[in-house]
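One structure below.
FYI, the numbering just counts along the sequence from 1.
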Amino acid sequence: MGLHLPRWVWIGAVALACVAGMVNVIGYLGFEHQAVSHLTGTTSLLGAALAQGNLRAVAHLWGMLIAFCLGAMLSGLIIQEQTLKLGRRYGAALALEALLLLVAIPLFKQEQIWGALLAAVACGLQNAMVTTYSGAAVRTTHLSGMFTDLGIGLGHLLRGMPLQVRRLTLSGLIISGFLGGGVLGALLYRQFGYDALLAPALLTGLTGTGYVAYRQWQQRGSVAGT
């Protein structure tokens, strides 16, 4: 039982989770030690900063929340859908994510908070771009929902209920992709510093531009065939 997901959903979800894992760990290992791909911890830190009256931290953390939300807003403007479907403007969104990561690199090197903010915009854009497919939550920049789905599935299994294998497999693959991206990002950061962001930027950029070119080729072919 479970969802019947096409191969491109599996591959895309794991690849984007790997990208998010790389971006997040590089941001965390950087000068601000700030996670950029998810907001739960950031919101908790904001509460602590407000209680302590630390205005600098409040401004910084509010900026991260707004930046992530801004990235999701950009995704809504570009893609205009909440359900995955080939033919949407995913190529443009991926190319924009790559550009944001590339611009963030020199800002990170100058220890400017704008580097982390642009990385957060990129993560918000990516997370909103991949939302649901056939009722399956597909979140690639944070894992709370994926671990929740795994726990629910195991609970159903213990109760003797049918196990939704594909849904749980998707959760497991996204978790593995994010973890693998974190390991790879940490190794690259140790070797190359903030230039390690070139890896996720190139991955998303090449995928995005390739997808745009493929869609244009398809459209020209359909026009020529009419």
Side-chain angles (χ1 to χ4, degrees), residues 13 16-79 81-82 84 93 96-97 100-101 103-105 107-108 110-132 136-152 170-172 174-183 185-186 189 194 196-197 200-201 204:
L16 290 176
C18 182
V19 165
M22 283 191 280
V23 174
N24 195 57
V25 79
I26 293 168
Y28 181 77
L29 292 174
F31 74 100
E32 287 283 351
H33 301 292
Q34 175 65 59
V36 296
S37 73
H38 53 277
L39 303 183
T40 304
T42 301
T43 305
S44 297
L45 292 173
L46 175 61
L50 286 168
Q52 296 166 1
N54 187 339
L55 297 182
R56 180 184 179 278
V58 168
H60 171 186
L61 295 165
W62 264 121
M64 298 299 297
L65 300 177
I66 293 171
F68 190 97
C69 185
L70 178 60
M73 182 188 75
L74 290 173
S75 176
L77 288 171
I78 296 170
I79 297 175
E81 289 291 341
Q82 292 184 338
L84 286 172
L96 178 57
E97 179 182 354
L100 289 166
L101 292 175
V103 175
I105 293 174
L107 296 173
F108 268 123
Q110 297 169 19
E111 296 191 352
Q112 294 187 20
I113 189 59
W114 289 102
L117 293 176
L118 287 181
V121 173
C123 288
L125 172 64
Q126 176 183 305
N127 198 54
M129 178 180 65
V130 186
T131 50
T132 61
V138 183
R139 303 295 190 186
T140 60
T141 67
H142 57 273
L143 302 181
S144 298
M146 301 296 101
F147 278 110
T148 300
D149 285 347
L150 283 176
I152 291 172
L170 178 63
S171 297
I174 289 175
I175 291 169
S176 300
F178 193 95
L179 176 61
V183 173
Y189 181 81
Y194 290 118
L197 284 173
T204 54

**OP:** For the residue pair Leu170 and Asp149, establish whether any side-chain heavy-atom pair is separated by less than 4.5 Å.
**Re:** no
For residues 20-28, which side-chain donor-acceptor pairs fall under 3.5 Å, sequence neighbours excluded?
from  : atom 1 : to    : atom 2 : distance (Å)
Asn24 : OD1    : Val36 : N      : 2.9
Asn24 : OD1    : Ser37 : N      : 3.0
Asn24 : OD1    : Ser37 : OG     : 3.2

Original post:
Taking all atoms of both residues into account, what is the closest heavy-atom pair of Leu101 and Ala122, and its distance?
Top reply: CD2-CB, 3.9 Å
Original post:
Taking the side chain as C-beta and beyond, is there a heavy-atom pair between Thr42 and Gln34 under 4.5 Å?
Top reply: yes
Original post:
Roughly how far, to the nearest 0.5 Å, is CD1 of Ile113 from CZ of Arg56?
Top reply: 7.5 Å
**OP:** Measure the spacing between OG1 of Thr148 and CD1 of Ile152 and express it to the nearest 0.5 Å.
**Re:** 6.0 Å
Original post:
Looking only at heavy atoms, which two atoms of Ala120 and Met64 are closest? And how far apart?
Top reply: CB-CE, 3.8 Å
Subject >> Pairwise distance CG(Leu74) to SG(Cys69) - rounded to 0.5 angstrom >> reply: 10.0 Å
Original post:
Got a second to check how far Gln126's CD is from Leu100's CG, nearest 0.5 Å?
Top reply: 11.5 Å
Subject >> Shortest non-hydrogen contact between Tyr194 and Phe108, atoms and distance >> reply: CE1-O, 3.3 Å
**OP:** Measure the CG-CG distance between Leu77 and Leu70 for me, rounded to the nearest 0.5 Å.
**Re:** 9.0 Å
Original post:
If you look at every heavy atom in Val19 and Pro200, which pair is closest and at what distance?
Top reply: CG1-CB, 3.8 Å
Original post:
Under a 4.5 Å cut-off applied to non-hydrogen side-chain atoms, are Phe68 and Asn127 in contact?
Top reply: yes
Original post:
Would you say Ser75's side chain and Gly71's backbone share a donor-acceptor pair under 3.5 angstrom?
Top reply: no
Original post:
Tell me, do Leu65 and Leu61 make a side-chain contact under 4.5 Å, heavy atoms counted?
Top reply: no
Subject >> Pairwise distance CG(Leu45) to CG(Leu39) - rounded to 0.5 angstrom >> reply: 11.5 Å
Subject >> Closest contact, heavy atoms only, Ala93 versus Leu125 >> reply: O-CD2, 3.3 Å
